[in-house]
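As structure tokens, the structure follows; a few thoughts come after it.
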Amino acid sequence: SLSDRLDGVFRKLRGYGKLNEKNIQDAMRQVRLALLEADVHFRVVKDFVKRVQERALGAAITKSLTPGQEVVKVVYAELTDLMGSEHKGLRISSKPPTIVMLAGLQGSGKTTSAGKLAKLFSAQFPLLVACDVYRPAAVDQLKTLGKQLGIQVYDEGTEADPVDIATRAVEHAKAVGHRLVIIDTAGRLAIDEEMMAEVRRIKKRVMPHEILFVADAMSGQDAVNVAKRFNDDLEIDGVILTKMDGDARGGAALSIRAVTGKPIKYIGVGEKLDGLEAFHPTRLADRILG
Amino acid sequence: VSGGRAVDEDLLDDVEELLITADVGVQTTFGMMEPLRRKVARGRIENSQALFQELKGLMLGILRGSAASLKLRPQGPTFILVVGVNGAGKTTTIAKLAHRFKEEEKKVLLVAGDTFRAGAIEQLQIWADRVGVPLIRQAAGSDPGAVVFDGAKAALSRRVDVVIVDTAGRLQTKVNLMEELKKLARILGRQAEGAPHEVLLVLDGTTGQNALSQAKLFSEAVPVTGIVLTKLDGSSKGGTILSIAHQMGLPIKLIGIGERMTDLRDFDPDLFVDALFG
Ligand SMILES: Nc1nc2c(ncn2[C@@H]2O[C@H](COP(=O)(O)OP(=O)(O)OP(=O)(O)O)[C@@H](O)[C@H]2O)c(=O)[nH]1
Ligand SMILES: Nc1nc2c(ncn2[C@@H]2O[C@H](COP(=O)(O)OP(=O)(O)OP(=O)(O)O)[C@@H](O)[C@H]2O)c(=O)[nH]1
Ligand SMILES: [Mg+2]
Ligand SMILES: [Mg+2]
């Protein structure tokens, strides 16, 4: 853990009295290593450690009997400053239906998260929309989830254009009285121009209240580039970080937040449809620092 | 970055950044930078081109020993068990493998071992139909062990050349799910001598340092004989494979470069290293 690493740095200090800049440098190196090993992006780490260093030098660290703990406190404070301090949930519109669109890379957990959101907001009489016409049995997958939850799924098979499906789904939702529409889209590469153009078109036509970027907690360094591209193209409103029930440290969350400025709204904590939780920045801080 | 630049601290920092942002990981990166920095300090590396040559050499040294190909047994069905975390690309990789073997005029049988996830059996059925190979399946929610048992029996009685068993995605830290995987391997072993002959661990190329934990824990549960690194058609570099090769020596056999049944390639260390350097 970071605490252990920092204890290692400062243990050598006993008997040397006051901290000097070299000690702080060593401590910062440990912070940097901890964050890189947790998959935080190289550049995000650089900026982050710079801020921690400034704060550490300014704080009571140099006079403290437990400088390691003081540094950890500073790192924590910086992490929570960066991640935001309170849970930001889905905003339900005063003019129903609230339209939510999920987007992200292949296999990140979008379809499952769509089901989880529908369950969480079942009081809104949600409509799930099957806009993935590419992946074999993606529509079946969403329909099965809908059946398990007793929630309606709008689909037009795999021959229609996802933009038209989304548009007609919203019309259907309004006609039937659904107060929440959750659009599941196909996984796509951020560098796939055609597929990115498709989600831009869905957004333009349907004008979602919330666009959520669904990201895998085990994502590596490239998460920052992917998130940036999805945010540039779609202006996402928030992030769902999935598979947090594993032991991935989740540093990608920091990178995604740093580059998009958008909040992590929920985390996926299991394969079952009740596996969605509100995001708490302090818990992520604990996890990233080990 | 490569070219005729002077070899200074800035360049070394850039190289370090290149490796870390490629998901090579801190330990492995430092492990490679160390000998590099020593050579630079002794004036043995005259320009950036030479530096990159040296680095490539180090990386190829790590990877060449690990590159291996997927081979079928000369006699009897080869049982291939496909495992990995959720969403890594197992089912799609199975479709690609089935297609490849079919092109090689092998008799292929697929087994729908994921009885849990919504749409999993339908997904593999569609692929089986597209590739033109049979699929052994049972109702969703049935015991995966029962399907695997059925699949093994069918593979033997139909005398297929290769049988590929799909399994549900599972996070490596879920002890009960890893136990289930062990059970599936045991069932195969009881039906056919030495089965599963190949256990392919499918790793998502966009995964960061957790890939190492996946490689370790899956290998502890089942005898992983090869790694498939998927989604390398994206912008991730898959550098974790260097740590895995270096620390575990697991054979790296295949890469996934897209979502079609033809998007499968043998792992080529030279192409991989070149792509990493962009
Ligand atoms: N353990 C765990 N598994 C999850 C979580 N969220 C999703 N999954 C699993 O991850 C895998 C992929 O989920 P999907 O919902 O199919 O992902 P997707 O983003 O829709 O995939 P594509 O449509 O192919 O891009 C499935 O096996 C899910 O059950 C989570 O929070 N925890
Ligand atoms: N771009 C790209 N996408 C891929 C590749 N391999 C798989 N995918 C996509 O990744 C997503 C997940 O693939 P699956 O084959 O369902 O993954 P899985 O491991 O079987 O998932 P679970 O069974 O839910 O654990 C799908 O959208 C695939 O099309 C690849 O090499 N490149
Ligand atoms: Mg999906
Ligand atoms: Mg699968």
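Values below: every heavy atom of this structure, side chains too, minus hydrogens, waters and symmetry copies. Fair warning: this is a prediction, and the values are worked out from it, not measured in the lab.
Neither the backbone nor the side chain of B:K237 comes within less than 4.5 Å of any heavy atom in chain A. Heavy atoms of B:E259 lying under 4.5 Å from chain A belong exclusively to its side chain. At a 4.5 Å heavy-atom cutoff, A:R229 makes no contact with chain B through either its backbone or its side chain. For B:Q214, the part sitting under 4.5 Å from any heavy atom of chain A is the side chain, from C-beta outward, and nothing else. For A:L142, no part sits under 4.5 Å from any heavy atom of chain B, backbone or side chain. Of the two parts of A:D245, the backbone and the side chain both hold a non-hydrogen atom closer than 4.5 Å to a non-hydrogen atom of chain B.
Your options are B:S235, B:G234, B:G87, and the one with the most heavy-atom pairs under 4.5 Å with chain A is B:S235. Counting heavy-atom pairs under 4.5 Å between each of B:V85, B:T206, B:D204, B:T91 and chain A puts B:T206 at the top. The candidate with the highest count of non-hydrogen atom pairs below 4.5 Å against chain B, out of A:P136, A:G107, A:A38, is A:P136. When each of A:T144, A:I191, A:D192, A:N225 is checked for heavy-atom pairs under 4.5 Å with chain B, A:I191 comes out on top. The candidate from B:D233, B:I20, B:I121 with the greatest count of non-hydrogen atom pairs under 4.5 Å with chain A is B:I20. Of the listed residues (A:A137, A:G115, A:A217), the one with the most heavy-atom contacts under 4.5 Å to chain B is A:A137. Contact count versus chain A (heavy atoms, under 4.5 Å) is highest, among B:L124, B:T207, B:T230, for B:T207.
Listed here is the closest heavy atom pair of A:L145 and B:A118: CD2-CB, 3.8 Å. When all heavy atoms are compared, the tightest approach of B:T21 to A:Q221 is O-CB, 3.3 Å.
We find that A:R135 and B:E122 are not joined by a salt bridge, their nearest charged nitrogen and carboxylate oxygen being 4.0 Å or further apart. Using a cut-off of 4.0 Å between Lys/Arg side-chain N and Asp/Glu carboxylate O, A:E271 and B:R170 are scored as not salt-bridged.
B:H246 NE2: 12 or fewer foreign heavy atoms inside a 6.0 Å radius.
Close approach to chain B, defined as a heavy atom under 4.5 Å from one of its heavy atoms, is seen in A:G246, A:D247, A:A248 of residues 246-258 of chain A, taken by number.
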